[in-house]
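Each remark here refers to the structure printed beneath this line.
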Amino acid sequence: MSLRRRDFVSGAAALAALPRPARAVGTPLYRRGNDADPETLDPHRSSTVAEAHILRDLFEGLLTYDNRGAIIPGAAESWTISDDRRTYTFRLRTEGRWSNGEPVEAGAFVYALRRILAPATAAKYAEVLFPIRNAAAVNAGAMSPDQLGVTAPDPRTLVIALDNPTPYLLELLTHQTSLPVHPASVERFGDAFTRPGNLVSNGPYRLRDLVPNDRITLVRNPHFHAVAEVAIPEVAFLPTPDLASAVRRYAAGEIDSLADLPGDQMAALKRRFGDQVVLGPGLGLYALAVNTRKAPFSDPRVRRALSLAIDRPYLAEALWGGTMSPAWSFCPPGLDNYRAPPETEGRRGFPIDHEAEARRLLAEAGFGPGRPLRVEYRFNTTDNNRNTAVALAEMWRALGIETRFVYTDAKTHFAYLRDGGDFDIARMSWIADYSDPQNFLFLLRSGNDGMNPGRFADPAYDALLDAAAREPDITARADLLWRAEAILMRDLPWIPVMHTRSKALISPRLHGYHPNLRNAAPTRFLRLEG
């Protein structure tokens, strides 16, 4: 996800004044470009893809991804599933260790899952874990955390009970919401447990230092169960929100890989860097969240008019250099456990063919030459986002719509929206955590304020999601979710613009990178020459 921790930020700022620990001479350093500075390194308060890349190196869930996006055993070496598919039993590794050498036990996962679902944690992603028995009630404060359907009969056994069959559970357990935290460190340091010197992790790397807006450096965890297979001893995550500058740093040999590229420069980048430009599949959405609480954007006719004016093929193919695909649906095509998604109007023909309809909708809503619609568009600053904003404003101008911009860094942008800030339209993006329509559609459920900044609420939509969650038949479940998405495509609380593809620059000295649907490239599976 491209979706406050004041303690973390202020603590990180204090660390910026400290001298960076010296690196051993000759130690290979992987300089990894990352989308943005993380807002937090607390797995249970994280929400962005940039954070996920770092957390995937620091922590290991019950299951994890390899560098081809396949699900593989993580902290658990094996598992069994009951006949009714409502109970999963995991067996943890005997050799699992935290970065301080202590054994990783099942109780840490019980602690972590109770913590993320506790109301006091205010986890942005809590709803993702609602398939676990009693999770929704625990998160609402109606039940105590010890009533969550997660138990540890012994130090190596973890049992997860579900309310209903959940076909994507194993994939869900690779996600940062399901990562363990070291209970004693959290209890001792509170919110400060994520700081260098305090953070105890169980993944292939441990945190060495953190310098805001500069780098986060991880070093190999000597206690990791597969440490002998971790080839890169040190990785520095470098925030690269200015993509043009990041490309220059890559060309100068200052960065070994970039996780995003300026779409308007793709042709030039391919000519310059050849097969170092790596494009792959993606599982995400680039959309415009509309404030459905605020007139006139609370009027679906206004939202439909805005959508009809957007030239999606131009944005995806010309502006983004073919690194995105046009989106007329909320869910991307090809998801598991689904069918072809419903689409909003406008796919046939060109935007100019729909201009008369868009003008009619605006006129019905009370807007026209004598009273232009004025839009404030908020976005987080990257080259691609800035160019997209300018293009959208030009498309809307053809309808007499006046657009002004408000732009900030990613942390400020998403924190503002998540905390209920006032806006008209805001750039949103979402990268799915598993290949299932539920992982898109849950975003706009009533009450999911952390992910639903426009506060869209529709009882019929919620009821369809609830029915799908109870439905054991995959085909019937897909039909219910399709009907839910059709409501979104009718009312457009989020206007889909593009579906994502992965795009990266990979140095010839970096080996083991394979583009995949999950865009997962754990450092532990990569190798670095020189």
Chi angles and distances behind the side-chain hydrogen bond (donor to acceptor under 3.5 Å, both in side chains) call for Asn516, Arg518
CA-CA 5 Å; Asn516 57 78; Arg518 309 297 173 209; over 6 Å; no
Between Asn291 and Asp424, does the side-chain hydrogen bond (donor to acceptor under 3.5 Å, both in side chains) criterion hold? Intermediate values first, please.
CA-CA 5 Å; Asn291 192 345; Asp424 296 347; 6.0 Å; no
Start with the C-alpha gap between Asn519 and Ser502, add the side-chain angles, then the distance that decides, and say whether side-chain hydrogen bond (donor to acceptor under 3.5 Å, both in side chains) holds.
CA-CA 7 Å; Asn519 198 23; Ser502 65; 4.6 Å; no
side-chain contact (heavy atoms from CB on, under 4.5 Å) between Thr408 and Thr381, intermediate numbers included:
CA-CA 6 Å; Thr408 62; Thr381 309; 5.6 Å; no
Run the side-chain hydrogen bond (donor to acceptor under 3.5 Å, both in side chains) test on Asp409 and Thr412 for me, step by step, so that the C-alpha distance in whole Å, both residues' side-chain angles and the decisive distance to 0.1 Å come before the verdict.
CA-CA 6 Å; Asp409 62 275; Thr412 303; 2.8 Å; yes
Any chance you could lay out the side-chain contact (heavy atoms from CB on, under 4.5 Å) test for Ile54 and Ile216, step after step, and finish with the verdict?
CA-CA 9 Å; Ile54 302 171; Ile216 292 176; 4.0 Å; yes
CA sep, side-chain torsions, deciding dist, call: Arg31, Phe237, side-chain contact (heavy atoms from CB on, under 4.5 Å):
CA-CA 6 Å; Arg31 299 155 302 178; Phe237 285 86; over 6 Å; no
Please test Asn34 against Val49 for side-chain contact (heavy atoms from CB on, under 4.5 Å), starting from the C-alpha separation and ending with a verdict.
CA-CA 9 Å; Asn34 204 23; Val49 174; over 6 Å; no
Please lay out, stage by stage, how Phe456 and Trp494 fare under the test ring pair (Phe, Tyr, Trp, His ring centres under 6.0 Å).
CA-CA 9 Å; Phe456 172 73; Trp494 281 23; over 10 Å; no
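One N or O on the side chain of Trp482 and one on the backbone of Ala340 form a donor-acceptor pair closer than 3.5 Å. A donor-acceptor pair under 3.5 Å is absent between the side-chain atoms of Asn134 and the main chain of Ala137, judged by distance alone. A donor-acceptor pair under 3.5 Å is absent between the side-chain atoms of His175 and the main chain of Ala52, judged by distance alone. Side chain of Asp436 to backbone of Gln438: a donor-acceptor contact under 3.5 angstrom is found. Formation of a donor-acceptor pair under 3.5 Å by the Asn385 side chain with backbone atoms of Phe379 is not found in this model. Looking at Arg304, its side chain never comes within 3.5 Å of a backbone N or O of Ala358 through a donor-acceptor pair. Side-chain N or O atoms of Thr523 include none that pairs as donor or acceptor with a backbone N or O of Asp57 at under 3.5 Å. Of the possible donor and acceptor atoms, none in the side chain of His44 sits under 3.5 Å from a partner among the backbone N and O of Leu113. The closest donor-acceptor contact from the side chain of Arg312 to the backbone of Ala327 lies under 3.5 Å. Looking only at distances, no side-chain donor or acceptor of Asn387 sits under 3.5 Å from a matching main-chain atom of Asn384.
In the model, Gln176 has a side-chain atom that pairs as donor or acceptor with a side-chain atom of Ser46 under 3.5 Å. Residues Ser307 and Trp328 bring no donor and acceptor atom of their side chains to less than 3.5 Å of each other.
Using a 4.0 Å cut-off between charged side-chain N and carboxylate O, Glu254 and Arg248 make no salt bridge. With respect to the salt-bridge test (charged N to carboxylate O, under 4.0 angstrom), the residues Glu471 and Arg477 do not qualify. Classification of Asp163 and Arg470 as a salt-bridged pair fails, no side-chain N sitting under 4.0 Å from a carboxylate O. The pair Arg32-Asp256 fails the salt-bridge criterion, with no side-chain N (NZ, NE, NH1 or NH2) lying under 4.0 Å from an Asp/Glu carboxylate O. Salt-bridge check for Glu39 with Lys411: failed, with every basic side-chain N at 4.0 Å or more from each acidic carboxylate O.
For the atom pair CG (Leu492) and OG1 (Thr292), the distance works out to 12.0 Å, reported to the nearest 0.5 Å. Of the inter-residue distances, the one linking Asp449 atom CG with Glu127 atom CD reads 10.0 Å to the nearest 0.5 angstrom.
For the pair Val247 and Ile255, the minimum side-chain heavy-atom distance is 4.5 Å or more. Looking only at side-chain heavy atoms (C-beta outward), Leu315 and Met498 come within less than 4.5 Å of each other. Proximity of Pro515 to Leu279: side-chain heavy atoms (C-beta onward) are nowhere separated by under 4.5 Å. In this structure the side chain of Ile431 never reaches within 4.5 angstrom of the side chain of Leu285, judged on heavy atoms. Under the 4.5 Å side-chain criterion, counting only non-hydrogen atoms from C-beta, Leu361 is in contact with Leu308. Residues Leu373 and Val302 form a side-chain contact, since some pair of their non-hydrogen atoms from C-beta on lies under 4.5 Å apart. Contact of the Asp35 side chain with the Pro241 side chain is not registered, since no non-hydrogen atoms from C-beta on lie closer than 4.5 Å. At least one side-chain heavy atom of Met266 sits under 4.5 Å from a side-chain heavy atom of Thr323.
Sparse packing is recorded around OH of Tyr407, with 12 or fewer heavy atoms of other residues, nucleotides or ligands lying under 6.0 Å away. For Asp473, the CG atom sits in a packed shell: over 12 heavy atoms of surrounding residues, nucleotides or ligands are nearer than 6.0 Å. Other residues, nucleotides and ligands contribute more than 12 heavy atoms inside 6.0 Å of the CZ atom of Arg293. With a 6.0 Å radius and a threshold of 12 heavy atoms from other residues, nucleotides or ligands, Arg386 has its CZ atom above the threshold.
For Asp299, the side-chain hydrogen bond (donor to acceptor under 3.5 Å, both in side chains) partners are Arg301, not counting sequence neighbours.
In this structure, Tyr168 and Tyr434 have parallel ring planes: the angle between them is below the 30° cut-off, well short of the 60° mark.
Scanning all heavy atoms of the two residues, the minimum distance from Pro332 to Leu283 falls at CG-CD1, 4.3 Å. Between Arg501 and Gly280, the shortest heavy-atom distance links the atoms CB-O, 3.5 Å. Across all their heavy atoms, Tyr377 and Ala426 have their closest contact at CE1-C, 4.0 Å. Nearest heavy atom pair, residue Gly512 against residue Asn67, reads O-ND2, 2.5 Å. In terms of heavy atoms, Glu485 sits closest to Pro342 at OE1-CD, 3.5 Å. In this structure, Tyr338 and Leu481 approach most closely via the heavy-atom pair OH-O, 3.6 Å.
When ring centroids are compared, Phe273 and Tyr250 come within the 6.0 Å threshold. Between Phe442 and Trp430, the distance separating the two ring centers is shorter than 6.0 angstrom.
Cation-pi geometry between Arg418 and Phe414 is not met at under 6.0 angstrom from the ring centre and within 45 degrees of the axis. Cation-pi geometry between Arg303 and Phe297 is not met: the NZ or CZ atom fails to fall both under 6.0 Å from the ring centre and inside 45° of the normal. In this structure, Arg445 forms no cation-pi arrangement with Tyr461, as its terminal cationic atom is not both closer than 6.0 Å to the ring centre and no more than 45° off the ring axis.
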